[in-house]
Amino acid sequence: MECPFNAAPAWHDAKLDFSNAMSYGDYLKLDQVLSAQQPLSPNHNEMLFIIQHQTSELWMKLMLHELHAIRVQLRQGNLPPAFKMMSRVARIMDQLVHAWDVLATMTPPEYTEIRPYLGSSSGFQSHQYREIEFLLGNKNAALLKVHESAPQAHASLSSALVEPSIYDDAIAAMARAGLPIDAARLAADPTRPTAADASVENAWLIVYRDPARYWQLYELAEKLVDLETAFRTWRFRHLTTIERIIGFKAGTGGTAGASYLKKMLDVVLFPELFSLRTSL
Ligand code: HEM
Ligand SMILES: N[C@@H](CC(=O)c1ccccc1NC=O)C(=O)O
């Protein structure tokens, strides 16, 4: 039997010299990522605030990557690959929902010491968040103005504004499957937020009344409902977390704060997918 004191360490085959090979940090560009946390205040908790936002933006970057690919698959009529990516987007959203628990460990006196250093910056100016909203159909042309001084963000947002949303693409897929969608709905102005439409509700009802016949559209509908549910939960946790941290103060971005975020809870991305349930 081998003496345990002479045995080689568990890592003895690991590569240790990276002078001429790509390492973990090289591949992930960690020099860049880990040098981007630069607190402006002397407060200990600002590191949490920065990392919470930076990680959220990274997850949003992945959501956008998936949402763009979902749109391509929906337009080509390849629904199952879209489903897999839709599940991923919903799980990312769930992850962001749980992330509020970490931020909520920051108390009002802690945040009060950081807030004066934030100036008029606010999540309201997150171009990735706004693009996610646009891709899901919550369009608002007026909000492009915020990004006028950032040409790349402005360009991505402009195309998300003028192109059909993922929900418009889902409705187009129903029309292609022979379900009766009004021509006016199919030609709706893509720069306007999604408005409930009776022919769309009726088409979803046909799908939900005969899932076996319309299995892929039925699955598409449930994936959209999962996504919207996760998104609404995120909005709700944003509101409750900020009420806990700043109460009813106005926002640094210029809105009334909690009451603005409360109003955003009324946004329904895929209205007919919820209203149809009353008739089932
Ligand atoms: C202490 C923490 C936070 C506070 C006090 C806070 C507060 C606010 C307030 C008051 C607004 C309304 C806009 C304004 O006037 O500023 C807002 C918007 C927003 N915040 Fe936060 N927030 C916090 C953390 C976060 C985090 C971690 C994220 C994640 C990225 C985030 C993302 C957003 C987004 C995307 C909006 C725009 C929402 C919309 O227009 O529907 N916030 N926040
Ligand atoms: N709107 C926040 C400030 C804020 O939360 C914020 C500031 C800079 C970067 C990200 C932020 N997060 C979300 O709004 C406030 O009114 O305190």
Side-chain angles (χ1 to χ4, degrees), residues 33 36-41 43-65 67 89 92-147 149-150 153 156-157 160-161 165 193-194 227-228 230-269:
V33 176
Q37 295 69 41
Q38 291 166 10
L40 295 179
S41 76
N43 190 278
H44 167 84
N45 302 285
E46 192 178 350
M47 190 59 89
L48 162 66
F49 188 78
I50 291 173
I51 289 179
Q52 182 93 27
H53 285 88
Q54 289 180 338
T55 49
S56 299
E57 289 289 341
L58 282 174
W59 285 117
M60 285 194 255
K61 181 169 181 168
L62 180 58
M63 287 170 78
L64 285 169
H65 180 70
L67 289 170
V89 174
I92 296 169
M93 202 44 111
D94 287 342
Q95 165 119 322
L96 291 177
V97 167
H98 292 297
W100 287 114
D101 294 333
V102 185
L103 193 67
T105 63
M106 182 173 67
T107 61
E110 289 168 350
Y111 184 57
T112 303
E113 290 194 21
I114 299 167
R115 201 169 188 239
Y117 293 83
L118 302 176
S120 48
S121 66
S122 161
F124 187 77
Q125 298 136 21
S126 166
H127 66 84
Q128 294 204 109
Y129 178 81
R130 205 57 70 199
E131 189 176 344
I132 292 169
E133 290 257 32
F134 284 9
L135 288 174
L136 297 177
N138 187 19
K139 308 276 182 86
N140 184 342
L143 298 184
L144 274 181
K145 182 153 183 55
V146 176
H147 306 282
S149 50
S156 313
L157 271 177
L161 180 73
S165 69
T194 303
L227 188 54
E228 168 136 25
F231 200 153
R232 280 202 209 165
T233 311
W234 183 87
R235 289 191 210 273
F236 179 74
R237 289 299 313 273
H238 187 204
L239 172 67
T240 54
T241 310
I242 78 121
E243 282 182 347
R244 174 176 179 162
I245 299 177
I246 64 168
F248 301 93
K249 292 188 183 88
T252 51
T255 77
S259 64
Y260 166 77
L261 295 174
K262 196 172 254 176
K263 193 95 197 74
M264 293 306 121
L265 294 182
D266 294 338
V267 172
V268 183
L269 297 168

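Note that ligands are numbered from 1 as they come in the structure, with each ligand's atoms numbered from 1 the same way. This structure is a prediction, so every number in the text was calculated from the model and none was measured.
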Charged tip of R130 within 45° of F124 ring normal and under 6.0 Å
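R130 over F124 ring: yes.
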Are R235 and F231 in a cation-pi setup, meaning NZ or CZ lies under 6.0 angstrom from the ring centre and within 45 degrees of the ring axis?
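Positive - R235 is close enough to the ring of F231 and near enough to its axis.
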Would you mind running through ligand 1 and noting each atom that sits below 4.0 Å from a heavy atom of [X]?
X: H238; value: 6 (C), 8 (C), 17 (C), 18 (C), 19 (C), 20 (N), 21 (Fe), 22 (N), 23 (C), 25 (C), 31 (C), 33 (C), 36 (C), 42 (N), 43 (N)
X: M60; value: 30 (C)
X: W100; value: 24 (C), 25 (C), 26 (C), 27 (C), 28 (C), 42 (N)

Run down the list [options] and name the one with the heavy atom closest to [atom].
atom: atom 10 (C) of ligand 1; options: G251, S122, A250, S126; value: G251
atom: atom 35 (C) of ligand 1; options: F49, F124, Y129; value: Y129
atom: atom 16 (O) of ligand 2; options: Q54, Q52, R115; value: R115
atom: atom 2 (C) of ligand 1; options: N45, L265, L103, L96; value: L103

Specify side chain, backbone, both or neither for [X], according to which of its non-hydrogen atoms lie closer than 4.0 Å to ligand 1.
X: T241; value: neither
X: K249; value: neither
X: I242; value: side chain

Give a yes/no on ligand 1: does R130 have at least one heavy atom closer than 4.0 angstrom to it?
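Yes, that is the case, since the closest heavy atom of the residue is under 4.0 Å from the ligand.
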Is ligand 1 less than 4.0 angstrom away from at least one heavy atom of M106?
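Within the 4.0 Å threshold, so yes.
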May I ask you to check whether Y129 and W234 place their ring centers less than 6.0 Å from one another?
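Yes, the ring centres sit under 6.0 Å apart.
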How far is [atom] from its nearest protein heavy atom, and which residue and atom is that?
atom: atom 8 (C) of ligand 2; value: S121 OG, 3.2 Å
atom: atom 1 (N) of ligand 2; value: T252 OG1, 3.0 Å
atom: atom 13 (C) of ligand 2; value: G123 N, 3.3 Å

N/O to N/O below 3.5 Å, does that happen between A250 and ligand 2?
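Min N/O separation from ligand 2 is not below 3.5 Å for A250.
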Just verifying a value: how many Å separate S126 OG and E131 CD, rounded to the nearest 0.5 Å?
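That separation rounds to 10.0 Å.
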Which segment of L118 sits under 4.0 Å of ligand 2 when only heavy atoms are counted
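Only the side chain of L118 comes within reach of ligand 2.
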Under 4.0 Å to a heavy atom of [X] - the qualifying atoms of ligand 2, by number:
X: F49; value: 4 (C), 5 (O), 6 (C), 7 (C), 11 (C)
X: H53; value: 10 (C), 11 (C), 12 (N), 13 (C)
X: G251; value: 16 (O)
X: Y111; value: 2 (C), 3 (C), 4 (C), 5 (O), 15 (C), 17 (O)

Is any N or O atom of T255, backbone or side chain, closer than 3.5 Å to an N or O atom of ligand 1?
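Yes; the residue has a nitrogen or oxygen that sits under 3.5 Å from a nitrogen or oxygen of the ligand.
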Could you tell me whether K61 and E57 make a salt bridge, using a distance below 4.0 angstrom between a side-chain N and a carboxylate O?
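Looking at K61 and E57, the cut-off is not met.
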